[in-house]
Structures are given as C-alpha cells and as structure tokens.
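The structure appears below as structure tokens.
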Amino acid sequence: MSVKHLKTLGWYLFLTGIGYVFLFPLLFMLVSSLKPEQAIFADLYSIRAILPVGELSLDNYRQVFEKSNVSLYFWNSLFITVGTVIMGLFVNSLLAFTLSRMSWRGQKLVLAVVIALMIIPLEAIVVPLLLLASKLPSIGWEGGMLVLKSSWLNTLHVQMLPFVANSFFIFLFYQFFRDIPKDFDEAAELDGATPFQIYRHIIVPMSGPVFATVAILHFLLMWNQYIWPIMAVQGEDARPLMPGIQIFFGRQSSWGEIMAYASLVTLPVLAVFLMFQKKFVTSLAGAGIKG
Amino acid sequence: MADLKLTQVIKRFGDLETIHGIDLDIKDGEFVVFVGPSGCGKSTLLRMIAGLEEITDGDIHIDNECVTRVPASKRGVAMVFQSYALYPHMTVRENMGFGLKMAKVSKHEITRRVDEAAQILQLGPLLDRKPKALSGGQRQRVAIGRTIVRNPKVFLFDEPLSNLDAELRVKMRVEIAKLHGELRNTMIYVTHDQTEAMTLADKIVVLRSGNVEQVGSPLELYLNPANDFVAGFIGSPQMNFINCEVLAVTADMLRLRFPCGLETDMPAMTANVKAGDNLKLGIRPEHVLEDASGELVICVDVDVVEHLGGSTFVYADYAGDISMTLQVGGLSDINGKDKREISFNRHYCHLFNEAGKSIGLRKDALELKAAEKMLPMAG
C-alpha cells in the first residue's frame with residue numbers, strides 16, 4: 001500500500017471517529033426509544049447501546065402520547081415555527097432588499113443598527129420583552145367567544161411576533177443580495193417594474209439558496225425555543241414541544257419514554273435539514289460564512 | 001422614432017463633476033455612437049439619457065418633451081446592457097416579454113410581439129430556453145430582442161459587444177447595423193472601440209473627461225479631427241505624431257523643422273501660429289509610404305514587422321524616441337531591425353498646436369482633388 005493510500009485510510013478512520021462522536025447521542029436516543037427500561041441499562045456499556053437489537057417496540061411512544069399532550073404541543077410548535085419562518089422570510093428579505101439595492105436617507109444608520117443588534121442575545125432582552133408582552137392587549141378566542149385580552153402572555157402569537165425580524169437573517173440576505181449585479185434591477189426598472197416588483201419577480205427567484213438557508217436556520221431557532229415559551233406561556237393551550245419535554249421529564253417517566261419524546265422532537269428538524277441539505281451547504285459556502 | 005436633445009447636461013457625484021455641460025442634438029433615426037477611453041463619462045451620459053442616473057443640471061428632451069425628471073420606464077427608451085442582464089430564472093420568451101407584462105399588456109399581445117421580435121433576430125427555436133443554455137451571441141440577441149418588443153423611441157446600447165470574442169463581435173456588429181437599417185429607430189451606442197464607432201455610426205460623439213471633443217460623421221472625424229485627441233483616437237492603428245518646430249510664418253505657409261533636421265514648407269492657416277512654436281504633425285499609418293517616393297522623406301529604425309497577409313504593420317523609431325507605425329498594403333519586404341527611408345505626402349498631414357487644437361492645412365494648395373480621390377480608401 002502506497003503512502004498516499006495510507007494517508008487516505010488514516011483520514012477515513014479519523015473522519016469515521018469524528019462522525020461516531022457526533023452520531024452517538026442521536027443513535028443512542030433513537031435506539032433507546034424503542035427499548036424497554038431494563039434493556040437500555042443492560043446495553044449501556046456495550047456496542048448494543050446504539051444498535052437496534054433485542055426486544056424492540058413502539059411502547060414508549062404510545063406511553064408518551066398517553067401521558068402527555070404531545071400532539072397539541074407538536075401542532076403548536078409547528079404553527080409557531082412555520083408561521084414565524086414564513087413571516088420572517090418576507091420581512092427580513094424585504095428589509096435586506098431595501099438596504100442593499102435601494103438608496104434612502106438613513107440607510108447606513110439602519111444597516112449599522114442591524115449589524116449591532118446581532119451581538120445582543122435573547123437572554124439580555126428577555127425580561128423587558130416579557131414586561132412588554134404582559135402589557136400589550138390582544139384579541140383572542142375564549143370559550144367560543146371573541147374577547148379582548150389584557151396581555152399577550154399565554155398566546156401563540158407572543159411566541160411568534162418577537163422573533164419574526166432577526167438581524168442575523170437580515171444580514172445574511174443583505175450579503176447575498178449585495179452580490180447580485182445591479183444591472184438586473186436597472187433592466188427591470190427600464191422594463192417598468194416598481195421596486196416591489198423587482199423584489200418579487202427578479203431578486204426573490206434568484207435567491208433560492210439564501211432563502212433556503214434562512215428558512216432552515218430560522219426553523220431550528222424557532223423549533224428549539226425554550227426559555228421564552230417557559231416564561232411567556234404558563235397554560236397547556238399554547239405550549240410548544242420544547243418546554244413540554246421538561247414537564248414530561250418532571251413527571252414519573254422512564255428513560256425509554258423520554259428518549260421517545262426526544263426522538264419525536266428531533267425527527268422533524270432532521271427531516272427538514274435533509275430535505276434542504278444541498279441548498280443549505282451551497283448557500284453557506286456562497287454566503288462566505290463557512291464553518 | 002424620436003429626436004433627442006441634450007442641453008447643458010451636468011453630472012456631479014458629490015463634489016466631483018464627471019459630465020461638464022454637454023449639448024447634443026440627435027436627429028430622428030440617427031445611429032449615434034459615444035466613444036472615448038475608459039472613464040470619459042460615455043456610459044454615465046447614456047445612463048442619464050436612460051433615466052438610470054440622476055441629472056444634476058441641464059435638460060434632456062425626447063421628441064420635444066422634457067424627460068429630465070421622468071422615470072426611466074416612462075421615457076420610451078430601452079437599453080441593452082454590457083452584461084446583457086437577462087433574468088436567469090426566466091426563459092427567453094419570459095425575458096423578452098417581462099417589460100410588456102409589467103405594462104399589463106394582454107398575454108396574447110405579448111406572445112405576438114415576442115414572436116415578431118424573435119423572427120427579426122432568428123430567436124424562434126430558443127424561446128423556451130433559459131439564458132444559461134445560450135451562447136454569448138445568442139444572449140446578446142435576446143438582450144436586443146428584449147428591447148425591440150417594447151418598441152421604444154430610442155434604443156440605448158452600453159458596450160454590448162465587449163463580452164464577445166473577436167469573430168462574434170464582427171458578426172454582431174453587422175447584425176446591429178442591419179437591425180438599424182430595418183427599424184430606422186434612433187439608436188445611441190456606447191463603445192470604447194473606435195472600429196465599432198466608425199462602422200456603425202451616422203454620427204460619432206468623441207468624449208474625454210466628461211467633455212465632448214468633437215461631433216461628426218465617421219469620415220469627418222477621420223479626415224478633419226478637431227484636436228490631437230480625436231486624431232489619435234479615431235483610426236486604427238493610431239495616428240503617428242511628430243513634434244516639429246516653426247521656423248518661419250508667412251501669410252499662408254509655415255516653415256517647419258523636424259527632429260532629424262529636415263526642413264519643409266507646409267501651406268496652413270497661419271493666423272495663430274508664430275515662429276518658435278512647437279507643433280505636432282500627425283500622419284496616419286496608412287498614409288505613410290514604405291519608400292522614399294513621397295514628398296517628405298525621413299529615416300527610421302525598423303523595430304518590429306507584423307505580416308497579416310492582407311497588410312503589413314511596421315513599427316519603427318524615428319529620431320530615437322518617436323514611435324512610428326506604418327500600414328503597408330499586401331506583403332512588404334521590410335525586415336526587422338532595418339534602417340530605412342520612409343515618406344509621406346503633405347496633403348495627408350495634420351497639424352496641431354501646443355494645446356492640441358487642429359491647425360487647418362490649406363488643402364487648396366495641397367491638390368485638393370488628390371485628397372478627395374483618396375476618400376473611399378480612407379473610410
């Protein structure tokens with residue numbers, strides 16, 4: 001075997017090792033979710049811990065659905081996530097469009113503010129945000145009637161609206177749009193298109209990769225929301241999946257059931273990622289934010 | 001179809017003035033070429049006419065209507081971009097019909113007009129392709145087609161051929177000339193390639209640093225350049241310039257001394273010339289003779305000879321540091337590194353004063369008829 005082959009083999013071994021480290025928790029979760037409690041502990045110290053062997057069943061999943069209101073949480077999470085992502089794609093890309101392709105007074109200041117906002121974490125603003133949400137009135141259904149509520153707390157929209165606009169996503173769109181030649185806008189302008197028509201008919205169709213990237217990142221961000229729903233939602237009605245797992249964990253549950261719950265939470269994210277993986281990777285390379 | 005009139009058009013970017021008060025009249029159906037070196041403001045001027053660049057001062061009239069503050073889409077102009085700017089996600093048909101779609105023209109009418117334009121440009125089989133499946137020349141034709149369907153008053157071309165290879169460029173140049181012949185619309189074409197300017201234009205506008213240097217027909221510019229810049233820019237290879245000193249001035253004659261000591265008389269308009277002035281004598285490469293048969297004979301050191309088959313270019317040094325180019329028809333027997341005599345006749349000479357402005361030669365005294373005979377060759 002030549003040195004070149006040895007090098008390649010070495011690389012493969014190294015990468016397989018790394019892959020194993022990253023895959024281990026995921027495999028362990030999925031496999032354990034199918035095993036009874038004793039089997040999980042019996043297999044814990046052998047390779048069987050990550051192999052789907054022994055007595056396998058969907059009992060744990062059944063238990064999760066029986067013991068917890070997981071389907072309601074799931075629909076809540078899905079509604080919050082998909083709704084926010086759709087609104088976010090529109091709002092963030094539109095602002096990025098005006099920042100990158102139009103000129104208006106105060107443009108540079110707004111761009112600077114957007115960039116500056118990227119460094120402020122949610123934890124820093126979560127308390128004032130909670131105070132604000134508790135004071136904002138809203139209209140909602142209660143007992144089949146339309147009622148005026150005195151606060152936004154315990155609603156679905158309190159989990160969506162504060163997260164629609166996101167400075168990082170605006171910046172991603174901005175970076176991508178900035179690299180599209182201005183000739184397209186000018187050609188469309190001569191063709192009689194308004195700025196919004198240029199956005200709608202020219203820029204959006206040309207920006208598939210960045211829309212895919214932002215959609216995935218925003219999906220993950222929203223799907224994994226934890227601190228904010230715990231603070232802003234107390235009741236069952238508007239609770240999403242993530243705080244649900246904490247409550248489920250707090251009750252008397254077996255590890256198999258917890259793993260089943262965790263698998264239910266993880267699978268949609270994995271599915272979304274695999275679906276958009278190719279576009280996602282191209283776009284990350286294109287956006288110049290490798291790693 | 002429309003007249004176009006520019007009145008004292010000025011463009012400033014902040015404090016920097018790039019277009020310095022340009023006046024221009026373009027007649028209906030004329031093919032006008034803006035030509036000049038990079039950064040002379042020709043594209044900016046075109047974009048101001050298109051409405052893509054704001055006009056700092058002055059007015060633009062299209063068809064006697066002031067369009068200075070009219071948005072680009074309402075001016076009745078269509079533009080072919082250097083990059084083509086074809087929308088990559090749309091088919092050729094959608095690209096061509098986009099302007100009409102924006103103008104809410106009926107689908108039936110869009111199809112009819114796109115098909116009509118496609119026929120003129122032989123784009124029929126390509127209508128359902130996306131731009132990336134087209135060659136450079138085809139993309140160029142689609143970009144032109146997109147402007148035709150809108151039936152504009154004025155066509156604007158911003159260096160449309162600069163992305164094509166040499167062979168295709170010549171082909172497209174002919175197609176554009178044919179198109180103008182068919183449509184007879186007013187067309188404005190920007191290029192830095194003087195060959196394109198000479199071959200396409202009814203009227204050439206030579207620009208330098210945001211100023212118009214000269215406006216005229218290609219032959220006017222070739223035969224009577226207003227200054228040394230135009231003389232050097234129009235014509236390929238570039239005109240040769242030889243510095244010479246004025247020894248004596250009479251009513252209609254200048255006595256000149258060349259760097260190598262040769263003295264000669266040149267019949268010229270002598271009003272603003274005085275003895276001791278340094279002038280530039282210009283002679284085009286195609287008017288230099290490879291032997292001593294002309295009226296003025298000078299001795300040069302041949303540097304490089306390029307045999308192109310149909311003609312031969314000879315690059316030589318005169319008086320040590322003056323580069324001379326000769327264009328000789330057919331094959332020449334001149335060899336590299338030769339020392340030899342070359343010559344030229346007075347009636348092909350141009351004289352420029354120290355500021356670069358042309359000093360008219362008295363052609364009457366220079367066998368005018370002989371010069372006129374040479375006109376077809378010059379073009």
Side-chain angles (χ1 to χ4, degrees), chain A residues 89-90 93-94 96-109 111 173 175-215 276 278-280 282-283 285-287, chain B residues 13 43 46-54 70-91 94-105 110 130-132 139 142-160 163:
Chain A
L89 286 178
F90 180 68
S93 64
L94 205 57
F97 173 79
T98 67
L99 284 174
S100 62
R101 312 195 73 78
M102 296 174 68
S103 58
W104 38 278
R105 200 181 286 266
Q107 188 177 23
K108 279 189 180 154
L109 181 73
L111 180 64
F173 277 121
Q175 292 268 63
F176 191 92
F177 292 166
R178 215 182 41 170
D179 291 340
I180 299 176
K182 278 262 163 66
D183 282 2
F184 291 116
D185 305 43
E186 292 180 345
E189 193 184 333
L190 277 167
D191 274 339
T194 61
F196 186 74
Q197 283 171 325
I198 294 175
Y199 164 81
R200 156 89 182 70
H201 293 289
I202 310 295
I203 302 298
V204 173
M206 285 167 69
S207 308
V210 72
F211 273 86
T213 307
V214 171
F276 291 102
K278 205 172 166 192
K279 275 202 165 172
F280 184 61
T282 342
S283 167
Chain B
F13 292 99
S43 281
L46 190 80
R47 290 167 54 81
M48 286 160 86
I49 295 170
L52 297 173
E53 207 76 67
E54 216 172 287
V70 174
S73 59
K74 302 266 189 312
R75 291 190 183 189
V77 299
M79 181 157 159
V80 177
F81 290 82
Q82 186 174 4
S83 63
Y84 317 137
L86 299 177
Y87 313 127
H89 55 286
M90 295 184 196
T91 62
E94 287 164 344
N95 260 290
M96 287 169 73
F98 185 72
L100 300 178
K101 190 175 151 192
M102 290 296 108
K104 299 210 162 52
V105 174
I110 294 177
K130 294 257 175 81
K132 71 172 176 210
R139 281 179 207 184
V142 176
I144 295 171
R146 185 163 68 175
T147 59
I148 293 178
V149 289
R150 294 188 48 218
N151 195 16
K153 293 178 189 166
V154 182
F155 283 88
L156 307 174
F157 296 86
D158 189 5
E159 307 207 24
N163 288 341

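First the proteins, then the strands, lettered A, B, ... as listed; each starts at 1.
- Between A:Ile202 and B:Phe98, the closest side-chain pair of non-hydrogen atoms falls below 4.5 Å.
- Of the atoms belonging to B:Val77, heavy atoms from both backbone and side chain fall under 4.5 Å from chain A.
- Residue contact with chain A, scored on non-hydrogen atoms closer than 4.5 Å, is absent for B:Leu100.
- Contact detail for B:Ala50 and A:Leu190: the closest heavy-atom pair is O-CD2, 3.7 Å.
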Atom pairs, donor to acceptor, chain A/chain B, distance under 3.5 Å:
from	atom 1	to	atom 2	distance (Å)
A:Asp183	OD2	B:Ser83	OG	2.4
A:Glu186	OE1	B:Arg47	NH1	2.6
A:Glu186	OE2	B:Arg47	NH1	3.1
A:Glu186	OE2	B:Arg47	NH2	2.7
A:Ala188	N	B:Tyr87	OH	3.1
A:Leu190	O	B:Arg150	NH1	2.9
A:Leu190	O	B:Arg150	NH2	2.9
A:Asp191	OD2	B:Tyr87	OH	3.0
A:His201	O	B:His89	NE2	2.7

